[in-house]
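Every chain is numbered from 1, with letters handed out A, B, ... down the list of sequences. This structure is a prediction, so every number in the text was calculated from the model and none was measured.
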There are 2 protein chains.
Amino acid sequence: MQVAALAGVSKSTASRALINDPRILPTTREAVLKASDELNYHPNSLARSLKTKKTSMLGIAINNLQNSTLREIVERFQELAGDENLQVLLSVTHGNPDEEARFLDMAIELQLAGVIVAGSGQNSDRLNRLSARGISTVSMIRLVEGAEAHSILPDYYQSSVLATQHLISQGHKKISFIGGHKIYTSGRETLKGFYDTMFASNLRIDQSCVHLGPYEPSFGNVAGKKFLETMRESKVSALIVANHEASHELLPFLTQSKISIPDELSIICLEDAEWFTWWHPPISAINNRPKEMAELAFEIIHPKNYGVKNVITGAENFRLAPILVERESVGSFKNPRRAKK
Amino acid sequence: MQVAALAGVSKSTASRALINDPRILPTTREAVLKASDELNYHPNSLARSLKTKKTSMLGIAINNLQNSTLREIVERFQELAGDENLQVLLSVTHGNPDEEARFLDMAIELQLAGVIVAGSGQNSDRLNRLSARGISTVSMIRLVEGAEAHSILPDYYQSSVLATQHLISQGHKKISFIGGHKIYTSGRETLKGFYDTMFASNLRIDQSCVHLGPYEPSFGNVAGKKFLETMRESKVSALIVANHEASHELLPFLTQSKISIPDELSIICLEDAEWFTWWHPPISAINNRPKEMAELAFEIIHPKNYGVKNVITGAENFRLAPILVERESVGSFKNPRRAKK
DNA sequence: CTGAAAGCGCTTACAG
DNA sequence: CTGAAAGCGCTTACAG
C-alpha cells in the first residue's frame, strides 16, 4: 500500500487509520489521512469485500421502468441505498423469467447483500437458493409461488374496495370496471374487491360492463370502445380503471369521445401516476404507496442484517393499505330524471 | 475449492476447466463441470476481479427516470449490458453534483469498467480522474466543461431546424416557440435553430411568441396561458414545443382550452415520448434517438477496451442526427381569409 | 498503540 | 495436460 509507505507506517496501521479504528493514535491517523489525500487514494472495495465477506451492493430486478409504481419503487430504493453509500444493480427484465434467473445467479456471484425482485413471479427455486447463501431477498408486486422470501404487495383487493365504496358514497349505482386479466394477482384481487363491495351494497353488476384485458396501453382503446357501446344504454355513471397501462390510451380516448368528466361519467384509477394531476380534470386515484413499499423492502434486505441467520418459518406477505386520493374526476351522481324536471 | 476436491483435481485444474481453458482434457473438464453442478457452485466474481483486474460492472448516473429520453437510455444501456452479462449500477442524481461525485468515487472503489454520466454537467475533475485510472467515461445529454471524456448529445440545434422547416414546408409563417432556459445546452441550441431557420426563410419572429422556462411540467401551464393570450392576435398557426417536461401540462391545457389541433394550431415537439402516440391527435415530434445514444455510449465504454490506453487527444463530441416523426398534430396552413370566401 | 503474518477465493505464470 | 506456488489489495486475529 503506497499510502502506508508515504505515511511511514505499516499497512496494518494505515488500514486501521483509514477504517477509523479507535485505537489508532490521532497523530498517526492524521499522517495516514494526509498521505491518502495526497495520493488520492481510493480503497479497493473488491479486496475489502473479499476479505470481510461483506458487500455494499444491492440488486433490483424489475419488469419495466415505465409503470410509475415500478419506477417510483426503483427511485426510492436507490435513494435509500445511496444515502447509506450502498450501490444498486439494476436489471429491467420485461417479465422474462430467464433474465431474472440470470440476474439472480449474478447476485450470488457478485455476493450481493440483498436483492429485490418485482417481476415474473417465477424462479422460486433460485430465490430460495439466494436465501440459503445468506442473501436476503424480497419479492414485490407479484407473489412468487413457493418462494420462502418475504413479499410486499399493494393491497389490490382493498384498493378496489376503497374505490368502489368511494363511488357508491357519491351516489353511483351503475359502475363499470376495466381491469387486468385474472391470471395476475392484481387482476384477480381488484375484480374481487369490486364484486364484493357492490354485492355488499346490494348493487347489481352488469356483466357487459366489466372488461378485462392485458396490462397494455392498447387495451385502453379496445376497452374504451366496448365501454362506450354499453355506457349509455346501461346508464353507467362511473368507471373504475384497474388497469393502469390501459389508462394511457383510455383517458385520451374518452376525452376524444367528448365524454364529460365528471358530469357524465366519474372515473377513478386503482394506481396513481403524476400525469393524473396534469389531466383535465385531474383524475382521482388510489395510491398504492410505492415509496413505502420500497422503504419496507429496503429495511428487510438491509445489509445490517447481513449474515444474521434469517430463520424464515414462512414467507411473510406484507400488504400496504392503499390511500384514496380525491381529485376532480369523481362527482356525485345526478339523477337524469330529476335534472329534466 | 470444494469443486476441485470432489472432482479429484487440483484447484488450478478446476479453475481452468470452469474457465474453459482449451488445454484441459475433455474428460477432466467433464468431471469438474459435474462436480460444480452437484455442489451448485458459483464462482466468486469479487475474487476473480481482484486477481484479473477486470470487472464486469458498468455504471450510469442519470438525472431522473421520468423523462422518456433518459429512461430509454437507461433501458437500452442495461439491455445491451445484460446481453453480455455485464452488470449496471444505477444512480438517480436529480442533477445533484454531489450525488454524482459520490457515484464517481464509488466507481473507482468498485473498479467499474466504465461509467456514463447524464447529469449535472459538472464534476469534470472527477470524471478526468476516472479516465486517469483506466475507467472509460462518457457524458451524455449535457456537455461537461473541461472533461476529457467523450460526450454524446442529441443534435438539439438540428432537431429545432428540422421541426421549423417542417412547419414552414406546411405553409406556416407565424410560429410560436416554447422552450427551456438558455442556461441549458438544449435551451440555447433549440432556440438558435428556430431563429436561424425562420431567418433563412425570411420569416419574422414575434418576441411575444417565444416563451422560455424551466424544464418542469408546471411551466406547461404558465407557458400555455401566455401562449393563448397572444395566439389569436398574432395569428399564430403553429407551435414548437422544445421543453418536454412542459408538454406534460401544456397539451392537456390546450385540449382543455378547446384549441383544435391541427385545424387551428399545428404542434410539434422536439423530444418524443410514447404518450404522444396515444394523444388525440397523435403528436408529431422529433426523435432524438435515445436508443442509439445508449448504443454509442455502450460501445465507447465497453470493457473489451478495458486497459487499452485511451489516448484522448481531445474529447470527441458526438451529435446524433434527429429524425422527424410525422403524426397528426401538424396540418398545412389554411389561410383564414380564403376559408371565408 | 503498532506490526508481521495469514488469508479471503480466485487466476496464472512457471515447471514438469 | 496438470499441479504447486505466488499474488491481487485488503482486514484482522495474534503478538508485542
- Task: Considering just the side-chain nitrogens and oxygens of A/K53, establish if one lies under 4.0 Å of OP1 or OP2 belonging to D/dT11.
- Result: no

- Using whole Å, report how far CD of A/Q111 lies from P of C/dC8. 14 Å

- Query: Rounded to whole angstrom units, what separation is found between the CZ atom of B/R48 and the C1' atom of D/dG9?
  - Reply: 18 Å

- Message: Please give the distance between the C1' atoms of D/dT12 and D/dG16 as a whole number of Å.
- Response: 16 Å

- Message: Could you tell me if the side chain of A/K53 sits less than 4.5 Å from the side chain of A/Q111, heavy atoms only?
- Response: no

- Item | Interatomic distance where CG belongs to A/L50 and C1' belongs to D/dC8 [whole Å] | 9 Å

- Kindly compute the distance separating CG (B/L112) from CD (B/E109), expressed to the nearest 0.5 Å. 10.5 Å

- Query: B/T28 side chain N/O closer than 4.0 Å to the phosphate oxygens (OP1, OP2) of D/dT2?
  - Reply: yes

- Message: Counting runs of three or more consecutive pairs, Watson-Crick or G-U wobble, with each distance below 3.5 Å, where are the stems of DNA chain C?
- Response: C:1-3 with D:14-16, C:5-12 with D:5-12, C:14-16 with D:1-3

- With the threshold set at 4.0 Å, does a side-chain nitrogen-carboxylate oxygen contact exist between B/E274 and B/R71? yes

- For the pair made of CG in B/L39 and P in C/dG9, what is the distance, rounded to whole Å? 14 Å

- Query: Do the side chain of B/T52 and the main chain of B/K54 share a donor and acceptor less than 3.5 angstrom apart?
  - Reply: yes

- Query: Which whole-number value in Å describes the distance from B/H42 NE2 to C/dG9 C1'?
  - Reply: 16 Å

- Task: Using a heavy-atom cut-off of under 4.0 Å over every strand shown, decide if B/S45 touches base, sugar-phosphate, or nothing.
- Result: nothing

- Query: Is a donor on one side and an acceptor on the other found under 3.5 Å between the side chain of B/S151 and the backbone of B/L143?
  - Reply: no

- Item | Main-chain N/O of A/A321 paired with A/R289 side-chain donor or acceptor, under 3.5 Å | yes

- Can you figure out which of C/dG9, D/dT2, D/dG3 approaches the side chain of B/A47 most closely? C/dG9

- Message: In this structure, how many angstroms lie between the P atom of D/dC1 and the CD atom of B/E30, rounded?
- Response: 14 Å

- Query: For the pair made of CG in A/N44 and P in C/dC8, what is the distance, rounded to whole Å?
  - Reply: 18 Å

- Does A/E316 offer a backbone N or O that forms a donor-acceptor pair with the side chain of A/H150 under 3.5 Å? yes

- Rounded to the nearest Å, what distance is computed from the CG atom of residue B/L18 to the P atom of nucleotide C/dC10? 9 Å

- Backbone of B/P290 reached by a side-chain donor or acceptor of B/T69 within 3.5 Å: no

- Any side-chain N or O of A/Y41 less than 4.0 Å from the OP1 or OP2 oxygen of D/dG9? no

- Using a heavy-atom cut-off of under 4.0 Å over every strand shown, decide if A/S49 touches base, sugar-phosphate, or nothing. nothing

- Using a distance-only test with no angle check, is there a side-chain donor-acceptor pair under 3.5 angstrom linking B/S10 and B/T13? yes

- Query: Which pairs, with at least one residue in residues 32-44 of chain A and sequence neighbours excluded, count as a salt bridge (Lys or Arg N to Asp or Glu O under 4.0 Å)?
  - Reply: A/K34-A/E38

- Message: Between B/T27 and A/L46, which residue's closest nucleotide on DNA chain D lies nearer the 5′ terminus?
- Response: B/T27

Quick one: which protein N/O atoms are closer than 3.5 Å to N/O atoms of nucleotides 12-16 of chain C? Pair and distance per line, please.
unit_1: C/dA13; atom_1: N6; unit_2: B/R16; atom_2: NH1; d: 3.0

- What nucleotide among D/dC10, D/dG3, D/dT2 has an atom nearest to a side-chain atom of A/P43? D/dC10

